Amino acid sequence: MIRFVLRRALAAVPIGVLVTLGVFALVFAMPGDPLRELAGDKPIPAAVLAAKRAQYHLDDPFIVQYLLSMKDILTGHFGTTFAGADIADQLRLRIPVTLKLTLLANAVQWTLGLFFGIYAGFKRNGWVDRSLLLVTLVLLAVPGLVAYFAAQYLFGVELKWFPVSGVLEGFPRSYVLPALVIGVLGFAGLARLLRTSIVETVNADFVKTARAKGLGEQRVLWRHILPNALLPVVTFIGLDLAGMFGGAIITESIFNLPGLGQFMFQAIKLKEGGVVVLLSTLAFISFILINLLIDLLYGVLDPRVRNV
């Protein structure tokens with residue numbers, strides 16, 4: 001197991017370098033001067049502009065800027081944004097916001113997806129199964145942006161059930177509306193995948209053999225059907241959880257939640273390459289850790305995987 005973890009960690013290093021290098025290159029290639037855009041219409045003295053550009057190494061070649069950014073990340077000296085905000089302080093303030101939104105959204109998605117997926121899989125062709133297929137088909141067809149703005153207008157502006165944006169009302173009230181939208185949209189794919197996996201597993205030969213041996217339905221369900229049906233679902237949940245940060249960029253920007261996603265959006269808009277690389281690195285590390293956890297869960301659900 002230790003050898004497996006070390007092999008995955010070593011394989012992640014070159015991938016991480018390529019990912020961060022590519023992200024930094026895209027930010028570097030964006031047109032415009034970030035310092036002038038930050039100042040807006042206010043004139044900046046040439047001496048001040050030159051000092052700021054030297055402070056943030058904006059006049060250095062691309063590769064030098066990238067290496068300096070990676071050095072700051074590896075040493076833990078994140079510095080400040082172009083606006084003068086301490087990046088480490090920003091992370092301490094914003095990480096809890098994104099974690100609260102992610103946990104609440106996943107709680108909604110997993111609860112709905114697992115419940116309806118399992119029920120529809122075992123009661124297939126019933127009214128719940130048919131309703132689930134219709135509802136999930138509609139949800140999968142709705143673009144996320146449309147759902148976010150529609151929910152914000154309907155439940156926030158018109159009905160006033162939830163805050164339209166911001167976190168002034170605290171947790172969980174300020175997070176409920178965006179978490180519900182993310183969770184409901186995400187539950188569609190999870191429920192359909194679990195339902196299909198259960199239907200295929202129920203008709204498998206090893207399940208028929210277990211029943212032929214006289215095993216009770218509860219034992220067949222918990223010992224044979226669900227462990228095998230959950231294998232593709234675990235992969236789906238892992239990839240979905242790992243990709244939450246990308247979705248948070250849009251969600252937090254629309255609902256004005258001061259989390260990592262909003263921080264990333266602002267950094268991209270202002271061409272703050274160091275911040276973008278830092279946040280991309282954090283997202284990459286979380287992706288690797290989550291996928292490593294998924295591989296370990298695979299070994300628990302299916303012992304055959306341990307020997308691969």
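As the structure is a computational prediction, the values presented were derived from the model and not from experiment. Count residues from 1 along the sequence.
- In this structure, the side chain of K160 engages the main chain of V157 through a donor-acceptor pair within 3.5 Å.
- Y153 contributes atom OH, which lies 3.5 Å from atom CD of E158 (distance to the nearest 0.5 angstrom).
- Between R192 and L137, the closest side-chain pair of non-hydrogen atoms falls below 4.5 Å.
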Checklist entry - Between Y66 and T20, does a side-chain contact (heavy atoms from CB on, under 4.5 Å) hold up when you go through it step by step? => result CA-CA 9 Å; Y66 171 75; T20 54; 2.8 Å; yes
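- A salt bridge does not link K123 with D129: none of the charged nitrogens is closer than 4.0 Å to a carboxylate oxygen.
- Remark: side-chain polar atoms of R173 are not paired, donor with acceptor, to backbone N or O of P163 under 3.5 angstrom.
- Under the 4.5 Å side-chain heavy-atom criterion for ILVMFWY residues, a single connected hydrophobic cluster contains both V181 and L145.
- No hydrogens or angles considered: a donor-acceptor pair under 3.5 Å links the side chains of T98 and E252.
- Looking only at side-chain heavy atoms (C-beta outward), V108 and F187 stay at 4.5 Å or farther from each other.
- Contact detail for G189 and F236: the closest heavy-atom pair is C-CZ, 3.9 Å.
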Checklist entry - Between K213 and T209, does a side-chain contact (heavy atoms from CB on, under 4.5 Å) hold up when you go through it step by step? => result CA-CA 6 Å; K213 290 181 179 180; T209 302; 3.9 Å; yes
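- A pairwise comparison of heavy atoms in L190 and V233 identifies CD1-CG1, 3.4 Å as the closest pair.
- Remark: side-chain polar atoms of Q109 are not paired, donor with acceptor, to backbone N or O of A179 under 3.5 angstrom.
- Minimum heavy-atom separation, L194 to A229: CD1-O, 4.3 Å.
- In this structure, the separation between CZ on R211 and CZ on F206 is 10.5 Å, given to the nearest 0.5 Å.
- Between I73 and M70, some side-chain heavy-atom pair lies under the 4.5 Å cut-off.
- Under the 4.5 Å side-chain criterion, counting only non-hydrogen atoms from C-beta, F24 is in contact with S69.
- Taking CG of L91 as the reference point, atom CG of L278 lies at 5.5 Å (rounded to 0.5 Å).
- Atom CG of L18 has more than 12 heavy atoms from other residues, nucleotides or ligands within 6.0 Å.
- Using a 4.5 Å heavy-atom cutoff, the side chains of R195 and I118 are not in contact.
- Tracing side-chain contacts under 4.5 Å through hydrophobic residues (I, L, V, M, F, W, Y), one reaches V275 starting from L67; they form part of the same cluster.
- At a threshold of 4.5 Å between non-hydrogen side-chain atoms, the residues T136 and F116 do not count as touching.
- Residue V207 comes nearest to T201 through the heavy atom pair CG2-O, 3.1 Å, listed as atom of the first residue, atom of the second, then distance.
- F149 and Y175 fall within the same hydrophobic cluster, defined by Ile, Leu, Val, Met, Phe, Trp and Tyr side-chain heavy atoms under 4.5 Å apart, directly or through other members.
- To the nearest 0.5 Å, the span separating OG1 on T196 from CZ on R124 amounts to 11.5 Å.
- The shortest distance between side-chain heavy atoms of S280 and M264 falls below 4.5 Å.
- In this structure, CH2 on W127 lies 11.0 Å from CG on L132, to the nearest 0.5 angstrom.
- In the hydrophobic clustering of this structure, L154 groups with L177; members are Ile, Leu, Val, Met, Phe, Trp, Tyr whose side-chain heavy atoms approach within less than 4.5 Å, directly or through other members.
- In plain terms, the two heavy atoms of K271 and F82 that are nearest each other are O-CE1, 3.8 Å.
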Checklist entry - Should F122 and I225 be marked as a side-chain contact (heavy atoms from CB on, under 4.5 Å) after you check the CA-CA gap, both sets of side-chain angles, and the distance that decides it? => result CA-CA 10 Å; F122 286 106; I225 297 177; 3.8 Å; yes
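- Inter-residue side-chain proximity for I182 and Y148 is flagged as met; some heavy-atom pair is nearer than 4.5 Å.
- In this structure, Q65 contributes its side chain and D60 its backbone to a donor-acceptor pair below 3.5 Å.
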Checklist entry - Does the pair F162 and L180 meet the rule for a side-chain contact (heavy atoms from CB on, under 4.5 Å), with working shown? => result CA-CA 11 Å; F162 304 103; L180 281 175; 4.3 Å; yes
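- Residue-environment remark: CZ (F78) exceeds the threshold of 12 foreign heavy atoms within 6.0 Å.
- With a 6.0 Å radius and a threshold of 12 heavy atoms from other residues, nucleotides or ligands, F62 has its CZ atom above the threshold.
- Looking at R94, its side chain does come within 3.5 Å of a backbone N or O of G259 through a donor-acceptor pair.
- F265 and L99 fall within a single hydrophobic cluster, where Ile, Leu, Val, Met, Phe, Trp and Tyr are joined by side-chain heavy atoms under 4.5 Å apart, directly or via other members.
- Residues S174 and L257 come closest through the heavy atom pair O-CD2, 4.2 Å.
- Here the CG-OG distance, from L230 to S197, works out to 7.5 Å after rounding to the nearest 0.5 Å.
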